[in-house]
J.: 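The structure that follows is given in the form of structure tokens.
Counting convention: from 1, in listed order, for ligands and their atoms alike. The figures that follow rest on heavy atoms only: side chains count, while hydrogens, waters and symmetry mates do not.
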Amino acid sequence: MKNFTYYRPTSPEQAVGLLDAKWGTSELLAGGTDLLDLQKEYIAQPDKVISLRDVAVLQGVHPSKDKGELTIGAATTLATLASDKRLREFLPALTTAAGDVGGPQIRNMGTLGGNLCQRNRCWYFRDEPTHCLLKGGDKCFAIDGENRYHAIFTQGHKCVIVNPSTLAPVLIALGATAEVLGPKGKRSLKLTDFFHAPNSAMEREHVLASNEIVLSVTIPAKGLKNASYEVRHKQSYDWPLVQAAVAFKLDDGKATNVRIVLGHVAPTPHVAEAAAKALEGKEVTEATATAAGEAAAEGTKPLSQNAYKVKLMAVAVKRAVLTAAGHKKYWEV
Ligand SMILES: Cc1cc2nc3c(=O)[nH]c(=O)nc-3n(C[C@H](O)[C@H](O)[C@H](O)COP(=O)(O)OP(=O)(O)OC[C@H]3O[C@@H](n4cnc5c(N)ncnc54)[C@H](O)[C@@H]3O)c2cc1C
């Protein structure tokens, strides 16, 4: 690991003041479950590491009584999210997704902000000597290489990573907003607009500037039924192969305001409009959930080794829809 100077600011403003205006030379450290790996592998080589450990205002889950919404500090751990009883009742998609991340050690250290800002898991990107597009090279090696875990929505993308965050699709489906602080002050950013498909070493998987910090994420209380379903290799601590997050209103058994967001299938979380349309206004049944899953395939363009993900995605959507509507989970034995 390259030597660096370690800072422990106590306010978000101090943290922002320590960050540089270009990527690469300074990094925020939250739980460190991604950043330290990247440093050990020489993928990240910051001169300054700025710890958020002492920035108390970034901690905790705060319901707002008057607005009914819920604000979660960016440094809140995934373990806290997974075990919060208030969240489990109204936002089962979020507690399920947080509880499915990695193993207990990762969830105890990993934070909401770090989860949203973590770097992708492409093995070419993570391999130090491989000079891929995201490390200043001119080629994405996955396009004609080992691409079984990569994107199936590939149109227009020079780099075919998948966004690694399993909280992101859930938060997008729930209509969440991030509060961000930079040198010019605070701004609000819809989670739908938070992610970005990077094409060069000067870009990240999100749209934040290098000297901006996520303060919190706010979820509006809309009384939506919600669920997240992941398909994994096995029940291990690895990332899912595909994930579906769904949220909708349920009136007289019929789903309205349907949002279906897919994870681990595209360089950004993928809002599956055709799938949502297939379910909108319909009674939630096995047949309509299946139809939504099949519609999710619209626009896929798999690579040489990952067409299998299209089928998994249909299953994930169907099961997430049925779970959100409270149907019996017949696939669980
Ligand atoms: C074995 C294993 C399995 C995993 N499985 C999953 C999985 O299934 N699903 C999933 O989603 N993730 C998974 N992860 C990733 C894990 O969720 C992330 O590593 C973790 O959430 C990152 O949080 P952190 O606080 O440790 O971030 P750090 O490692 O501290 O930081 C990660 C990045 O985020 C930036 N950052 C941190 N906080 C902020 C902030 N407030 N504002 C702006 N930037 C910030 C840092 O500068 C850094 O670039 C897994 C990790 C491991 C090791």
Side-chain angles (χ1 to χ4, degrees), residues 4 6-7 9 11-12 15-16 18-20 23-41 43-46 48-53 55 57-59 72-82 94 96-121 126 149 162-171 178-182 186-187 189 194-195 198 203-217 228-243 245 263-264 269:
F4 56 85
Y6 180 60
Y7 296 87
S11 71
V16 167
L18 288 161
L19 286 166
D20 294 334
W23 285 115
T25 52
S26 62
E27 288 284 351
L28 292 168
L29 174 73
T33 58
D34 189 30
L35 181 65
L36 296 180
D37 266 3
L38 291 165
Q39 286 184 267
K40 284 189 265 181
E41 290 156 9
I43 311 301
Q45 300 190 36
K48 293 193 256 180
V49 171
I50 298 141
S51 170
L52 298 177
R53 180 173 288 253
V55 186
V57 293
L58 299 181
Q59 294 287 344
I72 305 170
T76 307
T77 66
L78 302 176
T80 303
L81 294 182
L94 187 62
T96 305
D100 282 348
V101 168
Q105 295 94 332
I106 302 295
R107 294 194 292 273
N108 281 334
M109 292 305 293
T111 65
L112 170 62
N115 186 273
L116 298 177
C117 298
Q118 62 177 302
R119 304 279 350 234
N120 73 84
R121 306 302 304 184
R126 295 257 164 183
Y149 301 133
V162 292
N163 185 283
S165 170
T166 42
L167 296 194
V170 171
L171 292 169
E179 188 172 36
V180 171
L181 180 72
K186 287 184 188 171
R187 66 178 172 128
L189 194 55
F194 188 92
F195 296 96
E203 296 167 75
R204 292 279 165 112
E205 289 79 353
H206 52 75
V207 300
L208 299 190
S210 60
N211 50 7
E212 283 187 310
I213 165 176
V214 181
L215 298 174
S216 61
V217 170
S228 167
Y229 188 90
E230 298 179 5
V231 183
R232 293 170 172 267
H233 249 316
K234 50 187 176 177
Q235 289 310 320
S236 73
Y237 52 72
D238 222 337
W239 279 256
L241 298 168
V242 303
Q243 172 202 11
H264 310 271

J.: Does any N or O of ligand 1 fall below 3.5 Å from an N or O anywhere on L35, backbone included?
T.: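 Among all N and O atoms of L35, at least one is under 3.5 Å from an N or O of ligand 1.
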J.: What is the closest protein heavy atom to atom 35 (C) of ligand 1, and at what distance does it sit?
T.: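 I find the closest protein heavy atom is C117 CB, 3.7 Å.
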J.: I need the nearest protein heavy-atom contact for atom 15 (C) of ligand 1: residue, atom name and distance, please.
T.: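 Protein heavy atom at minimum distance: Q118 OE1, 3.2 Å.
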J.: What protein heavy atom lies closest to atom 47 (O) of ligand 1? Include the residue and the distance to one decimal.
T.: L28 O, 2.6 Å
J.: Below 3.5 Å, N or O to N or O, backbone or side chain included: is there any such pair between D37 and ligand 1?
T.: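 Among all N and O atoms of D37, none is under 3.5 Å from an N or O of ligand 1.
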J.: Does at least one non-hydrogen atom of L78 fall below 4.0 angstrom from an atom of ligand 1?
T.: yes
J.: Polar-atom distance check: G102 versus ligand 1, any N or O pair below 3.5 Å?
T.: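 Right, the criterion is met.
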J.: I need the minimum non-hydrogen distance between W23 and A209, along with the two atoms involved.
T.: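 The answer is CZ2-C, 3.8 Å.
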J.: Around R53, counting heavy atoms of other residues, nucleotides and ligands shown, do more than 12 lie under 6.0 Å from its CZ?
T.: no
J.: Could you give all pairs that pass the side chain to side chain donor-acceptor pair (under 3.5 Å) test and reach residues 110-119, with sequence neighbours left out?
T.: N115-S165, R119-E205
J.: Are L189 and L208 close enough that some pair of their side-chain heavy atoms sits under 4.5 Å apart?
T.: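 When only atoms from C-beta onward are counted, L208 and L189 do touch, with a gap below 4.5 Å.
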J.: Which atoms form the tightest heavy-atom contact between Y149 and V162, and what is the distance?
T.: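 Taking Y149 first and V162 second, the nearest heavy atoms are O-CG2, 3.8 Å.
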J.: Check each atom of ligand 1 against the heavy atoms of S165 and keep those under 4.0 Å away; list them by number with element.
T.: 11 (O)
J.: Who gets closest to atom 31 (O) of ligand 1 by heavy atom: G114, A178, P46?
T.: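 Of the listed residues, G114 has the closest heavy atom.
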J.: Just to confirm my output: which protein heavy-atom neighbour is closest to atom 28 (P) of ligand 1, and how far is it?
T.: G32 N, 3.5 Å
J.: When you measure from atom 49 (O) of ligand 1 to every protein heavy atom, which one gives the shortest distance, and what is it?
T.: E27 OE1, 3.2 Å
J.: Only heavy atoms of T166, strictly under 4.0 Å: list the atoms of ligand 1 that pass.
T.: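 The list of qualifying atoms is 9 (N), 10 (C), 11 (O).
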J.: Just going by heavy-atom distances, which of Y237, W23, W239 is nearest to atom 52 (C) of ligand 1?
T.: W239
J.: Could you tell me whether D34 and ligand 1 have an N or O pair separated by under 3.5 Å?
T.: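 Looking only at distances, the answer is yes, because the N/O contact criterion of under 3.5 Å is met.
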J.: Within a strict 4.5 Å, meaning less than it, do heavy atoms of the R187 and E212 side chains meet?
T.: yes
J.: Please lay out, stage by stage, how I213 and L52 fare under the test side chain to side chain contact (heavy atoms under 4.5 Å, CB included).
T.: CA-CA 10 Å; I213 165 176; L52 298 177; 3.7 Å; yes
J.: Considering only protein heavy atoms, which is closest to atom 22 (C) of ligand 1, and at what distance to one decimal place?
T.: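 That would be T33 OG1, 3.3 Å.
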J.: Is the shortest distance from a heavy atom of R232 to ligand 1 less than 4.0 Å?
T.: yes
J.: If you measure from atom 39 (C) of ligand 1 to every heavy atom of A15, G113, A74, G73, which option wins on shortest distance?
T.: G113
J.: Testing L29, I50, L28 for side chain to side chain contact (heavy atoms under 4.5 Å, CB included) with Y7, which one passes?
T.: I50
J.: Would you check, one step at a time, whether the test side chain to side chain contact (heavy atoms under 4.5 Å, CB included) holds for E230 with V242?
T.: CA-CA 6 Å; E230 298 179 5; V242 303; over 6 Å; no
J.: Suppose I only count heavy atoms of A30 and a 4.0 Å limit; which atoms of ligand 1 are within that range?
T.: 25 (O), 30 (O), 37 (C), 38 (N)
J.: Calculate, to the nearest 0.5 Å, the distance between atoms SG and CG belonging to C117 and L35 respectively.
T.: 11.5 Å
J.: As an exercise, state the distance from CG of N120 to NE2 of H264, rounded to the nearest 0.5 Å.
T.: 12.0 Å
J.: In ligand 1, which numbered atoms sit nearer than 4.0 Å to a non-hydrogen atom of P240?
T.: 8 (O)
J.: So how far is it from L215 CG to L58 CG, rounded to the nearest 0.5 Å?
T.: 6.5 Å
J.: Can you find an N or O of P164 that's nearer than 3.5 Å to an N or O of ligand 1?
T.: yes
J.: For residues 100-107, tabulate all N or O donor-acceptor pairs below 3.5 Å that involve a side-chain atom, not counting sequence neighbours.
T.:
{"unit_1": "R107", "atom_1": "NH1", "unit_2": "G99", "atom_2": "O", "d": "3.1"}
{"unit_1": "R107", "atom_1": "NH1", "unit_2": "V101", "atom_2": "O", "d": "2.9"}
{"unit_1": "R107", "atom_1": "NH1", "unit_2": "G102", "atom_2": "O", "d": "3.2"}

J.: What distance separates Q39 CD from D34 CG, expressed to the nearest 0.5 Å?
T.: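 Answer rounded to 0.5 Å: 10.5 Å.
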J.: With backbone taken as N, CA, C and O and side chain as the heavy atoms from C-beta onward, which portion of I106 lies under 4.0 Å from ligand 1: side chain, backbone, both, or neither?
T.: side chain
J.: Under 4.0 Å from any heavy atom of N115, which atoms of ligand 1 are there?
T.: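 Taking each heavy atom of N115 in turn, ligand 1 has 10 (C), 11 (O), 12 (N), 17 (O), 21 (O), 22 (C), 23 (O) under 4.0 Å.
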J.: Heavy-atom contacts with L52 under 4.0 Å: which atoms of ligand 1 show up? List them by number with element.
T.: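 Answer for ligand 1: 38 (N), 41 (N).
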J.: Scan N163, V170, T166, L171 and name whichever one has a side chain to side chain contact (heavy atoms under 4.5 Å, CB included) with P269.
T.: N163
J.: V214 versus ligand 1: do any nitrogen or oxygen atoms come within less than 3.5 Å of each other?
T.: yes
J.: Return a yes/no value for G31: is any of its N or O atoms, backbone included, closer than 3.5 angstrom to an N or O of ligand 1?
T.: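 Among all N and O atoms of G31, at least one is under 3.5 Å from an N or O of ligand 1.
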